Undergrad: 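One structure, as structure tokens, below. Some questions next.
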Amino acid sequence: MASTIRITLPDGSIKEVPAGTTVLEVAASIGTRLARETVAGLADGRMVDLRTALDHDVTLRIVTTRDPEGGEVIRHSAEHVLADAVKRLWPGTQIDAGRQDHSVKFQYDFRFPRAFRPEDLERIEEEMRRIIAEDLPFRRLEVGREEARRIMAQRGEELKLIRIDDIPEGETITLYEHGPFIDVCRGPHVQRTSQIGAVKLLEASGAYFKGDESNEMLQRIYGTAFASKKEMNAYFARLEEMRKRDHRKLGVQLDLFSFHPEAPASPFFHPRGAIVYNELVELMRSKYREYGYDEVITPQIFDVALWKRSGHYDNYRENMFFADAYDEVEDRKFSVKPMNCPSHCVLFASASHSYRDLPLRIADFGRLHRYERSGVVTGLTRVRSFSQDDAHIFCTPEQIGPEIRSLFDFIFEIYELFGFSSIEIFLSTRPEKAMGDPAVWQHAEKVLARSLDDRGAAYTLNAGDGAFYGPKIDFVVHDAIGREWQLATIQLDFLLPERFELTYVGSDGTEKRPVMIHRAILGSIERFFGVMLEHFAGDLPPWLAPEQVRVLPIVDAINPYAEKVRDALLEAGLRATVDSRQEKLGYKIREGESMKVPYLLVAGQREADAGTVALRLRHRRDEGSHPLDEVVARIANAVKTRSREL
RNA sequence: GCCAACGUAGCUCAGCUGGUAGAGCAGCUGAUUCGUAAUCAGCAGGUCCGCGGUUCGAGUCCGCGCGUUGGCUCCA
């Protein structure tokens with residue numbers, strides 16, 4: 001080993017230090033303040049503990065309490081303090097493990113005889129503050145597997161022993177210790193507990209050991225921590241902002257939809273919501289004409305025999321609703337459709353097809369019902385009754401590539417319209433519970449991967465996450481609270497054509513099996529509605545706004561003119577109303593603004609005399625008076641072009 | 001489905017350790033005719049989610065059910 005090594009710092013300067021120098025020592029050699037704030041290092045881009053001895057030339061960035069990565073180290077350390085606090089308060093408690101991702105939260109699972117209550121969390125939080133005030137140093141120990149087992153066994157940590165056994169052979173086991181607490185952990189951790197500037201426990205919940213439903217349930221505590229109180233306040237303020245744009249809140253505020261116990265997890269769209277919903281559907285319909293789709297309307301309830309044939313009965317039954325008629329015969333059972341694909345297969349099979357007919361693109365906005373377990377439903381994003389911009393493409397194997405590429409154009413065109421920018425793409429491959437020939441799977445997976453590569457689209461491989469009938473590509477966007485939602489999906493299916501014995505006549509006159517592509521772009525209209533509402537924080541672009549224009553007469557005497565203005569707007573195909581209530585202008589504006597109407601047209605005597613209206617754009621000030629026909633043309637144009645601008 | 005928390009007027013919420021329900025906004029009525037984010041006054045509005053139980057007495061305590069929310073698990 002060389003006696004000196006070269007450390008390249010972010011400013012490009014190079015420091016020569018003896019091999020074995022730690023990250024913290026490098027920091028100290030630069031400045032005492034830096035050393036004081038150091039919580040870790042980024043060595044060649046990898047997070048390392050500040051106690052790590054550097055043994056070769058590296059590019060090093062010192063991570064301090066001010067860096068985002070520093071926050072992660074602080075939360076990770078707070079996690080240990082949490083576990084320490086719980087063990088101090090309830091000495092018999094066994095610890096399991098913390099969280100992988102410390103970008104915003106930390107968590108710890110405990111084997112504890114009951115659920116933690118809110119008052120427990122308060123006590124624990126107090127205890128944590130006490131530990132932080134003790135300013136305990138963190139120590140890092142590298143140990144052998146047996147040593148780690150011995151320490152944990154001695155402390156009665158049964159769960160931890162299982163965890164140690166799960167650590168792959170050959171991996172270095174490190175322990176972190178502060179005060180009386182010690183835990184198996186990769187680190188990194190802060191220097192001393194006092195570097196945790198602010199800590200807050202968020203909630204408690206149950207969580208299965210190792211995330212497996214069949215294992216015992218442990219008690220989990222969530223919390224967050226920051227370098228300073230100020231940073232923590234900023235975090236909570238941001239959370240509050242996000243809550244305000246929660247689609248469930250906006251749905252009530254804007255009178256768009258509601259939920260009722262009479263039909264749990266199934267939205268009722270109010271007149272305003274129905275307008276938005278139908279605009280989304282109409283958007284897809286208009287594009288279908290461009291992209292060569294044929295829309296069909298299919299039944300809601302089917303003989304169970306259909307689902308047995310499609311395979312849904314065996315693989316998806318637990319998510320299906322069954323429908324029994326009053327005097328139904330014993331041997332004929334019915335079920336509400338959870339998907340459209342089988343009925344499209346029935347349609348395809350009902351006529352003969354030539355290769356010249358393909359690809360056949362069948363679209364269906366049919367209402368679907370899926371039984372989702374009670375604990376998983378939420379707002380519009382996970383419901384039991386919904387419809388999709390669903391379509392099935394029947395094509396020849398050679399047509400898969402072109403179809404997929406055309407779908408990418410379609411998908412990106414639609415997402416562009418909404419301004420969705422952070423889209424993640426996932427390619428999911430053969431799961432364990434799969435039907436069909438593995439060779440066929442492999443071929444399908446290759447076609448999808450190649451199509452993605454051809455387009456230069458970055459994607460993540462989700463090995464084993466495909467549907468049971470075929471591989472798929474999912475498109476995921478992020479909502480306002482940072483949750484991920486799958487919207488578009490493209491799924492290849494070699495099995496349904498098999499099961500329904502679908503055929504077409506090829507150019508050589510022989511019967512061939514078509515390939516089926518399931519695809520949705522908005523995904524479920526309901527989910528898209530919710531995600532989009534949060535995305536826009538309720539400020540829907542003009543074409544989607546349920547009420548596009550509201551005319552505000554200043555006094556009663558102007559009402560007739562205001563109605564004329566509204567009629568001109570209606571004539572132009574716009575959704576317009578008049579607020580003719582006997583209220584002051586400020587009041588009407590406030591209401592129009594809170595309902596997020598994109599255009600408010602103020603009309604007083606001056607405007608009535610001149611044939612103008614005073615335009616007020618959503619969230620902006622008075623734009624002054626303009627001739628009525630100009631304003632109508634402007635708004636009509638924004639709607640027609642589906643512009644996001646007013 | 002599992003672990004919790006919550007459920008009071010259309011909405012947002014108050015109601016301490018059990019003593020018979022309250023505010024603001026919305027609604028209705030009247031007055032006000034008003035120029036860019038809330039005019040004033042009055043009135044009305046509640047099986048306190050449902051069903052049981054404890055108690056002289058339950059919005060409040062306990063049990064069960066339903067629903068919602070946050071996690072877990074699941075998610076074709």
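Throughout, protein chains are lettered first and strands after them, A, B, ... in sequence-line order, and every chain is numbered starting at 1. This structure is a prediction, so every number in the text was calculated from the model and none was measured.
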Undergrad: So A:Lys588, base contact, sugar-phosphate only, or nothing? Heavy-atom distance under 4.0 Å.
TA: nothing

Undergrad: Considering every strand and a 4.0 Å limit on heavy-atom distances, what is the contact class for A:Glu318: base, sugar-phosphate, or nothing?
TA: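 The answer is nothing, as A:Glu318 stays clear of every strand by at least 4.0 Å.
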
Undergrad: Expressed in angstrom and rounded to an integer, what is the separation of A:Leu380 atom CG from B:U69 atom C1'?
TA: 15 Å

Undergrad: With a 6.0 Å cut-off on the ring centroids, do A:Tyr235 and A:Phe226 count as close?
TA: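 Under 6.0 Å, so yes.
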
Undergrad: Keeping A:Glu623 on the side-chain end and A:Leu615 on the backbone end, is there a donor-acceptor pair under 3.5 Å?
TA: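 No, the answer is negative, given that no donor and acceptor are paired below the 3.5 Å cut-off.
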
Undergrad: B:C75 C1' sits how many Å from A:Met339 CE, rounded?
TA: 10 Å

Undergrad: By side chain to side chain donor-acceptor pair (under 3.5 Å), which residues pair with A:Ser310, not counting sequence neighbours?
TA: A:His312

Undergrad: From C-beta outward on A:Arg590, which listed nucleotide comes closest to its side chain: B:C75, B:A37, B:C72?
TA: B:A37

Undergrad: In whole angstrom, what separates A:Phe209's CZ from B:U73's C1'?
TA: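 One finds 16 Å between C1' of B:U73 and CZ of A:Phe209, rounded.
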
Undergrad: Please work out which residues in residues 611-620 of chain A have a non-hydrogen atom less than 4.0 Å from an atom of RNA chain B and list them by number.
TA: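 Listed by number, they are A:Ala614, A:Arg616, A:His619.
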
Undergrad: B:A5 and B:C11: how far apart are their P atoms, nearest whole angstrom?
TA: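 Nearest-Å result for B:A5 against B:C11 at atom P: 24 Å.
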
Undergrad: Please collect all salt bridge (charged side-chain N to carboxylate O under 4.0 Å, His left out) contacts where either partner lies in residues 381-394 of chain A, sequence neighbours excluded, each pair once.
TA: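 For residues 381-394 of chain A, and leaving out neighbouring residues, the salt bridge (charged side-chain N to carboxylate O under 4.0 Å, His left out) pairs sorted by first residue read A:Glu372-A:Arg382.
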
Undergrad: For A:Arg621, which residues count as a side chain to side chain donor-acceptor pair (under 3.5 Å) partner, sequence neighbours excluded?
TA: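 Testing A:Arg621 for side chain to side chain donor-acceptor pair (under 3.5 Å), a comparison that skips the adjacent residues, returns none.
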
Undergrad: For A:Ala265, answer base if it contacts any base atom (sugar-phosphate contacts may also be present), sugar-phosphate if it contacts only those atoms, and nothing otherwise; contact means non-hydrogen atoms under 4.0 Å.
TA: sugar-phosphate

Undergrad: Taking it one step at a time, do A:Lys210 and A:Asp212 satisfy salt bridge (charged side-chain N to carboxylate O under 4.0 Å, His left out)?
TA: CA-CA 5 Å; A:Lys210 290 197 206 175; A:Asp212 185 339; over 6 Å; no

Undergrad: Which part of the nucleic acid, if any, lies within contact of A:His312, taking any heavy atom under 4.0 Å across all strands shown: a base, the sugar-phosphate backbone alone, or nothing?
TA: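 If one applies the 4.0 Å heavy-atom cut-off, A:His312 turns out to touch a base.
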
Undergrad: Given the ring of A:Trp90, does A:Arg111 sit roughly above its face, with NZ or CZ under 6.0 Å from the centre of the six-membered ring and within 45° of the axis?
TA: no

Undergrad: Report the nucleotide, chosen from B:G67, B:G70, B:C34, that has the shortest atom-to-atom distance to any side-chain atom of A:Val555.
TA: B:C34

Undergrad: Between A:His260 and A:Arg527, which is nearer to the 5' end of RNA chain B once each is assigned its nearest nucleotide?
TA: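 So the residue in question is A:His260.
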
Undergrad: Please classify the nucleic acid contact of A:Gly586 as base, sugar-phosphate, or nothing, using heavy-atom distances under 4.0 Å.
TA: sugar-phosphate

Undergrad: A:Tyr599 OH to B:U36 C1': how many Å, rounded?
TA: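 Interatomic distance, OH of A:Tyr599 to C1' of B:U36: 18 Å.
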
Undergrad: Round to a whole Å and report the spacing from CD of A:Glu583 to C1' of B:A31.
TA: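 A:Glu583 atom CD is separated from B:A31 atom C1' by 12 Å.
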
Undergrad: Taking the ring centre of each residue, are A:Phe475 and A:Phe426 less than 6.0 Å apart?
TA: no

Undergrad: Under 4.0 angstrom, heavy atoms only, what part of the nucleic acid is A:Gly379 near: base, sugar-phosphate, or nothing?
TA: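 It contacts sugar-phosphate atoms only.
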
Undergrad: Heavy atoms under 4.0 Å, any strand shown: does A:Gly211 hit a base, just sugar-phosphate, or nothing?
TA: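 The residue A:Gly211 makes sugar-phosphate contact but no base contact.
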
Undergrad: Can you tell me how far apart SG (A:Cys341) and CZ (A:Arg499) are? Round to the nearest 0.5 Å.
TA: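 If we round to the nearest 0.5 Å, A:Cys341:SG and A:Arg499:CZ are 12.0 Å apart.
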
Undergrad: How long is the line joining NZ of A:Lys584 and C1' of B:A37, in whole Å?
TA: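 A:Lys584 atom NZ is separated from B:A37 atom C1' by 12 Å.
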
Undergrad: Look for any protein N or O under 3.5 Å of an N or O in nucleotides 2-12 of chain B and output each such pair with its distance, or none.
TA:
| unit_1 | atom_1 | unit_2 | atom_2 | d |
| --- | --- | --- | --- | --- |
| B:C2 | O4' | A:Tyr208 | OH | 3.4 |
| B:C3 | O2 | A:Gly206 | N | 3.4 |

Undergrad: Pick the nucleotide of RNA chain B nearest each of A:Val377 and A:Arg382; which residue has the one closer to the 5' end?
TA: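 Taking each residue's closest nucleotide, the earlier one in sequence belongs to A:Val377.
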
Undergrad: So which of residues 361-373 of chain A are in contact with RNA chain B, with a heavy-atom cut-off of under 4.0 Å?
TA: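 Hits under 4.0 Å, by residue number: A:Arg370, A:Tyr371, A:Arg373.
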
Undergrad: Output all residues satisfying salt bridge (Lys or Arg N to Asp or Glu O under 4.0 Å) with A:Glu526, sequence neighbours left out; order by chain, then residue number.
TA: A:Arg367

Undergrad: Test: salt bridge (charged side-chain N to carboxylate O under 4.0 Å, His left out). Region: residues 93-108 of chain A. Which pairs qualify, not counting sequence neighbours?
TA: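 Sorted pair list: A:Asp96-A:Arg163.
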
Undergrad: Considering only side-chain heavy atoms of A:Val602, which listed nucleotide, B:G67, B:U36, B:A37, is closest?
TA: B:U36

Undergrad: Using the C1' atoms only, state how far B:G42 lies from B:G59, rounded to an integer number of Å.
TA: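 Nearest-Å result for B:G59 against B:G42 at atom C1': 29 Å.
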
Undergrad: Indicate, with a heavy-atom threshold strictly under 4.0 Å, whether A:Asn319 touches base, sugar-phosphate, or nothing.
TA: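 The answer is nothing, as A:Asn319 stays clear of every strand by at least 4.0 Å.
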
Undergrad: Assess the pair A:Phe410 and A:Phe408: is the distance between their ring centroids shorter than 6.0 Å?
TA: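 Aromatic pair excluded; centres sit 6.0 Å or further apart.
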
Undergrad: Could you list all N or O pairs between the protein and nucleotides 25-28 of chain B that sit under 3.5 Å apart?
TA:
| unit_1 | atom_1 | unit_2 | atom_2 | d |
| --- | --- | --- | --- | --- |
| B:A26 | OP1 | A:Tyr587 | OH | 3.3 |

Undergrad: Taking only residues two or more places apart in sequence, or in another chain, which ones meet A:Glu125 in a salt bridge (Lys or Arg N to Asp or Glu O under 4.0 Å)?
TA: A:Arg129, A:Lys200

Undergrad: Looking for any heavy atom pair under 4.0 Å, which part of the strands does A:Arg606 touch: base, sugar-phosphate only, or nothing?
TA: base

Undergrad: If we take the P atom in both B:U73 and B:G50, what is their distance in whole Å?
TA: 35 Å

Undergrad: Give one of base, sugar-phosphate or nothing for A:Glu593, where a contact means two heavy atoms less than 4.0 Å apart.
TA: base

Undergrad: Who pairs with A:Lys308 by salt bridge (Lys or Arg N to Asp or Glu O under 4.0 Å), at least two apart in sequence or on another chain?
TA: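 Salt bridge (Lys or Arg N to Asp or Glu O under 4.0 Å) list for A:Lys308, sorted by chain: empty.
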
Undergrad: Honestly, is A:Arg590 close enough over A:Tyr587, meaning NZ or CZ under 6.0 Å from the six-membered ring centre and within 45° of the axis?
TA: no

Undergrad: Do the side-chain N or O atoms of A:Arg384 get closer than 4.0 angstrom to the phosphate oxygens (OP1, OP2) of B:G67?
TA: no

Undergrad: Taking the same atom, C1', in B:U8 and in B:A58, what whole-Å distance lies between them?
TA: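 Roughly 14 Å separates the two C1' atoms.
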
Undergrad: If the plane angle is over 60° it's perpendicular, under 30° parallel, otherwise tilted; pick one for A:His76 and A:His102.
TA: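 If you compare the ring of A:His76 with that of A:His102, the planes turn out parallel.
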
Undergrad: Applying salt bridge (Lys or Arg N to Asp or Glu O under 4.0 Å), name anything that partners A:Lys472, two or more places apart in sequence or on another chain.
TA: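 Expected list: A:Asp474.
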
Undergrad: Can you tell me the distance, in whole Å, between the CG atom of A:Asp246 and the P atom of B:U69?
TA: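 Atom CG in A:Asp246 sits about 9 Å away from atom P in B:U69.
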
Undergrad: Sticking with atom C1', work out how far B:C13 lies from B:C75, rounded to a whole angstrom.
TA: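 Approximately 36 Å lies between the C1' atom of B:C13 and that of B:C75.
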
Undergrad: Rounded to the nearest Å, what distance is computed from the NE2 atom of residue A:His247 to the C1' atom of nucleotide B:U68?
TA: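 It is 13 Å, rounded to the nearest whole Å.
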
